[in-house]
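To start, the structure itself, in structure tokens.
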Amino acid sequence: MRTSKYLLSTLKETPASAEVISHQYMLRAGLVRPVASGLYTWLPTGLKVLKKVENIVREEMDKAGAIETLMPMVQPADLWQESGRWTDYGPELLRLEDRHHRPFVLGPTHEEVITKLISSELSSYKQLPINLYQIQTKFRDEIRPRFGVMRGREFLMKDAYSFHLSQECLNNTYQDMHSAYCNIFERLGLDFRPVIADTGSIGGDASHEFHVLADSGEDDIAFSDSSDYAANIEKAEALAPDTERGAATAELTKVATPNVHTIEDVSKFFDVAAKDVVKTLLVLGEHEEGETAPVVALVLRGDHELNEIKAEKISGIAAPLTFATDEQIKAVANCDAGSIGPAGLAIDIIVDRSAAVMADFICGANESGYHYTGANFDRDIHNYKVEDIRNVVAGDPSPCGNGKLTIKRGIEVGHIFQLGEKYADAMNAGVLTETGKNQTLTMGCYGIGVSRIVAAAIEQNHDENGIIWPDAIAPFKVVIIPMNMHKSHRVQETAEKLYAELTAAGVEVLFDDRKERPGVMFKDMELIGIPHAIVVGERNIDNAEVEYKNRRSGEKSLIAIDEAVNFVLNQ
RNA sequence: CGGUGAUUAGCGCAGCUUGGUAGCGCACUUGGUUUGGGUCCAAGGGGUCGCAAGUUCGAAUCUUGCAUCACCGACCA
């Protein structure tokens with residue numbers, strides 16, 4: 001490709017709307033352009049990268065025995081009513097009507113369509129197991145699209161669905177997909193981790209997310225420093241401390257604490273660490289529709305954070321987790337939010353494992369403007385349950401039993417889970433078994449965010465000059481940068497010759513034949529992130545040489561013109 | 001959805017306080033100059049100042065409404 005016949009569309013300045021580095025570089029390097037909030041046009045260079053990612057995903061899925069299909073993006077509402085998600089899915093599901101006023105949705109995922117298909121196409125156990133996938137545009141009407149294509153509303157996704165008669169069979173395919181995903185991210189050249197994940201609202205047994213490690217990631221991942229244990233912080237278990245609770249030595253004493261509300265205020269006021277204070281959060285308990293919700297107290301160490309996912313799974317607590325309003329707090333604890341404490345509360349109390357071993361601690365006194373010191377469980381607080389309701393923190397013991405946890409940020413680029421019979425049951429998908437009986441299928445589902453991978457790859461591979469593509473997904477493998485070609489026949493001849501030879505050898509080569517000064521070309525090509533550059537200039541032609549420059553290492557070397565093509569092929 | 005801020009040429013911004021012919025840098029076009037890291041000089045083209053209503057002799061500027069874009073947002077108890 002010659003730049004003179006191409007759409008480079010690079011930008012010198014960073015558009016004000018771009019926050020994260022991948023978004024900035026995707027705009028500046030001419031990969032994408034915004035169309036509306038969360039919607040992007042892929043320019044030629046961006047599309048080349050997207051297609052490369054897509055092809056690697058496709059090849060590995062095929063290799064793992066999955067079969068490609070393509071389902072419609074617009075889906076009839078009745079499929080969603082059949083599965084129950086027409087009401088469950090919420091406002092992320094974009095609903096629309098056709099000219100006959102029939103309701104449709106823009107597909108955020110395709111469990112309904114695929115399960116319906118399977119239920120009509122499969123009839124015998126002999127056809128199982130089967131794993132179908134597609135690479136297709138999804139639409140989710142996100143509350144807040146951000147970070148460019150990282151969290152767009154429309155995005156390209158690979159989604160696969162497998163069907164089985166037994167859990168054991170599902171486990172096998174699940175493992176195959178796990179390995180296929182590892183192969184994919186290795187081929188993409190990304191630093192990634194499979195992590196144990198929450199199964200979310202879908203339920204099911206096993207679930208793993210695949211994260212690309214990057215500081216700008218939206219998820220926290222907990223790792224063991226001495227095993228391969230890794231889990232999303234939503235899921236990582238905080239083990240009970242192995243220390244025994246100390247004996248109560250202090251008297252329960254009420255202290256006036258005017259204008260002291262937050263944990264920070266309290267620890268400053270008493271001059272103690274946040275870990276010596278207890279915080280009490282009031283949330284709504286489980287209740288029937290229309291009934292008044294009971295209130296439940298959650299007790300945590302002052303320096304720990306509540307894990308909502310863990311909390312809402314505890315029986316007696318309403319899901320989704322809902323915090324009590326100021327009025328509800330007043331009614332139950334008879335005070336403002338800043339002075340709640342577990343001592344003397346006549347409601348259900350759930351105490352975090354780490355808070356449960358504290359003794360002689362400080363907590364709210366359920367009277368506005370007062371706290372207790374010297375509070376103790378069992379003596380001052382009764383009828384409580386101990387549960388794991390906090391987020392793990394760095395330094396906690398790993399739940400696997402080996403080592404301590406460290407925490408890093410990750411970008412979720414893949415998610416595999418076992419769905420069980422939920423959809424097959426709702427959509428009536430079953431086959432006849434060997435004994436001639438109808439049996440409902442069990443199902444697995446496996447997603448990869450193809451367009452998000454492009455952004456994640458940039459987050460992980462860039463410097464102050466621009467993108468540094470891993471070779472596997474670079475839009476071009478090599479760029480030819482001629483110095484003042486329009487003034488030198490020798491430079492032009494050499495550059496044209498190399499371009500022809502590289503093209504003939506099947507190398508994806510960009511030939512910067514613009515009538516630009518060298519600095520402009522260097523800057524543009526580094527911004528776009530082409531891994532290898534051949535610089536053709538008068539001064540090296542005298543020795544029958546050209547310069548090679550590596551984008552990642554920045555190293556330069558001189559190579560014989562005759563060797564150049566082979567040299568590039570070997571990179 | 002709530003809070004905050006923005007909207008003036010393709011991009012980045014000034015002008016608004018104090019109403020009176022719409023500006024700067026980059027990019028683009030033409031000519032010259034320069035030539036191994038975003039040259040320099042000159043001449044040009046490009047804007048219903050987000051939309052609508054109002055105040056006024058006169059609105060980018062003041063008022064009101066709307067739209068769009070962006071950032072922040074339970075972890076406070």
Side-chain angles (χ1 to χ4, degrees), chain A residues 8-20 23-24 27-28 30 33-39 90-91 142-148 220 233 257 260-266 274 277-284 295 297-312 320-326 328-330 332-333 335-342 345 352 363-366 368 371 389-391 393 465-466 481-488 491 514-527 533 535-541 546-547 549 554 556:
Chain A
L8 267 185
S9 283
T10 53
L11 261 34
K12 241 187 210 177
E13 288 181 276
T14 304
S17 59
E19 184 78 358
V20 294
H23 191 194
Q24 293 175 359
L27 293 169
R28 283 194 54 204
R33 288 290 179 261
V35 175
S37 182
L39 305 176
E142 296 278 351
I143 303 176
R144 180 140 99 88
R146 60 184 134 178
F147 305 152
D220 280 311
I233 200 161
T257 52
V260 170
H261 302 291
T262 64
I263 290 297
E264 200 186 339
D265 294 342
V266 173
V277 181
V278 142
K279 66 177 163 192
T280 309
L281 288 69
L282 298 185
V283 300
L284 301 188
V295 175
L298 305 177
V299 178
L300 292 150
R301 222 168 75 178
D303 60 328
H304 285 153
E305 281 181 4
L306 176 68
N307 180 315
E308 292 188 24
I309 307 257
K310 291 176 181 175
E312 68 187 25
L321 195 73
T322 314
F323 284 86
T325 62
D326 287 344
Q328 287 166 320
I329 291 171
K330 194 90 188 167
V332 169
C335 67
D336 298 327
S339 300
I340 309 171
L345 272 189
D352 182 69
C363 63
N366 299 319
S368 292
H371 280 76
I389 55 171
R390 71 172 172 95
N391 282 333
V393 295
N465 292 316
I481 306 179
M483 300 289 103
N484 305 306
M485 184 169 73
H486 60 285
K487 283 271 182 73
S488 162
V491 169
R514 292 176 296 173
K515 194 177 169 183
E516 282 289 356
R517 292 170 57 83
V520 174
M521 296 186 186
F522 284 128
K523 284 287 180 192
D524 269 347
M525 295 307 140
E526 282 167 9
L527 176 61
V535 183
V536 182
E538 272 286 338
R539 68 188 186 196
N540 293 320
I541 289 180
V546 289
E547 183 182 290
K549 187 171 181 190
K556 297 177 187 173

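We name chains A, B, ... by the order of the sequence lines, and we start the count at 1 in each one.
Using C1' as the reference atom, rG38(B) and rU64(B) are 47 Å apart when rounded to the nearest Å. Comparing the P positions of rG44(B) and rC66(B) gives a spacing of 45 Å, expressed to the nearest Å. Between rC49(B) and rU61(B), the distance separating the two C1' atoms is 10 Å to the nearest Å. rU17(B) and rC11(B) have their P atoms separated by 26 Å, with the value rounded to a whole Å. On the P atoms, rA52(B) is 22 Å away from rC57(B), given to the nearest whole Å. When the C1' atom is used for both rU30(B) and rC69(B), the distance is 37 Å, rounded to whole Å. Comparing rU34(B) with rU48(B), their C1' atoms are spaced 42 Å from each other, to the whole Å. rG10(B) and rG46(B) are spaced 10 Å apart, taking the C1' atom of each and rounding to whole Å.
Side-chain atoms of Asn540(A) lie closest to rG36(B) of the nucleotides rC72(B), rC76(B), rG36(B). For Ile143(A), the side-chain atoms get nearest to rC1(B) when compared with the rest of rA74(B), rC1(B), rC11(B). When the nucleotides rG36(B), rC75(B), rG12(B) are ranked by their closest atom to the side chain of Lys279(A), rC75(B) comes out on top. Of the candidate nucleotides rG12(B), rG73(B), rG36(B), rG12(B) has the atom nearest to the side chain of Ala16(A). Checked against rA74(B), rA70(B), rG36(B), the side chain of Phe323(A) finds its nearest nucleotide in rA74(B). For Arg144(A), whose side chain is taken as the heavy atoms from C-beta onward, the closest listed nucleotide among rC71(B), rC75(B), rG36(B) is rC71(B). In the set rC69(B), rU35(B), rG36(B), rG36(B) carries the atom at the smallest distance from any side-chain atom of Arg539(A). With distances taken from any side-chain atom of Glu305(A) to the nucleotides rG36(B), rC75(B), rG12(B), the minimum falls on rC75(B).
The nucleotide rA70(B) finds its pairing partner in rU4(B), both defining distances of the Watson-Crick or G-U wobble pair being shorter than 3.5 Å. In this structure, rA60(B) forms no base pair with any nucleotide, since neither Watson-Crick nor G-U wobble geometry is met with both distances under 3.5 Å. Using Watson-Crick or G-U wobble geometry with both donor-acceptor distances under 3.5 Å, rC13(B) finds its partner in rG23(B). rC40(B) is paired with rG32(B) under the Watson-Crick or G-U wobble criterion, all donor-acceptor distances under 3.5 Å. Base-pair partner of rG47(B): not found among the strands shown (Watson-Crick or G-U wobble, both distances under 3.5 Å).
Judged by distance alone, with hydrogens and angles left aside, Lys549(A) brings a side-chain donor or acceptor within reach of the base of rG37(B), the pair sitting under 3.5 Å. Looking at Glu526(A), its side chain comes within 3.5 Å of the base of rG37(B) through a donor and an acceptor atom. For Glu308(A) against rA74(B), a side-chain N or O and a base N or O form a donor-acceptor pair under 3.5 Å.
Gly364(A) comes within 4.0 angstrom of no nucleic acid atom, judged by non-hydrogen atoms across all strands. Contact annotation for Ile329(A): base contact, defined as any heavy-atom pair under 4.0 Å involving a base atom. In this structure, His486(A) reaches the bases: a heavy-atom distance under 4.0 Å links it to at least one base atom across the strands shown. Within the 4.0 angstrom heavy-atom criterion, no nucleotide atom of any strand lies near Ala333(A). When heavy atoms are screened at a 4.0 angstrom cut-off, Glu516(A) is found touching no nucleic acid atom at all.
The closest donor-acceptor contact from the side chain of Arg33(A) to the backbone of Leu27(A) lies under 3.5 Å. The closest donor-acceptor contact from the side chain of Asn484(A) to the backbone of Lys487(A) lies at 3.5 Å or more, if one exists at all. Looking at Lys279(A), its side chain does come within 3.5 Å of a backbone N or O of His304(A) through a donor-acceptor pair. Listed for the Asn366(A) side chain is no donor-acceptor partner under 3.5 Å among the backbone atoms of Val332(A). Looking at Gln24(A), its side chain does come within 3.5 Å of a backbone N or O of Glu19(A) through a donor-acceptor pair.
Nearest heavy-atom pair across Lys330(A) and Ser368(A) is NZ-OG, 4.5 Å.
Atom CD1 of Ile309(A) and atom P of rA74(B) are 15 Å apart (whole Å).
If you find the closest nucleotide of RNA chain B to Gly38(A) and to Asn391(A), the one lying nearer the 5' end belongs to Gly38(A). Toward the 5' end of RNA chain B, the nearer of the two residues Pro518(A) and Val283(A), judged by each one's closest nucleotide, is Pro518(A).
Counting non-hydrogen atoms of neighbouring residues, nucleotides and ligands closer than 6.0 angstrom, the CD atom of Glu264(A) reaches no more than 12 such neighbours.
For the pair Ser37(A) and rA70(B), the criterion of a side-chain N or O lying under 4.0 Å from OP1 or OP2 is met.
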For nucleotides 38-40 of chain B, tabulate all protein N/O to nucleotide N/O atom pairs closer than 3.5 Å, reporting atom names and distance.
residue, atom, partner, partner atom, Å
rU39(B), OP2, Arg517(A), NE, 3.1

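Comment: Lys523(A) does not engage Glu516(A) in a salt bridge, judged by the lack of any side-chain N to carboxylate O separation of less than 4.0 angstrom.
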Before giving the answer on side-chain contact (heavy atoms from CB on, under 4.5 Å), spell out for Asp352(A) and Arg301(A) the whole-Å C-alpha distance, their side-chain angles and the decisive distance to 0.1 Å.
CA-CA 8 Å; Asp352(A) 182 69; Arg301(A) 222 168 75 178; 6.0 Å; no
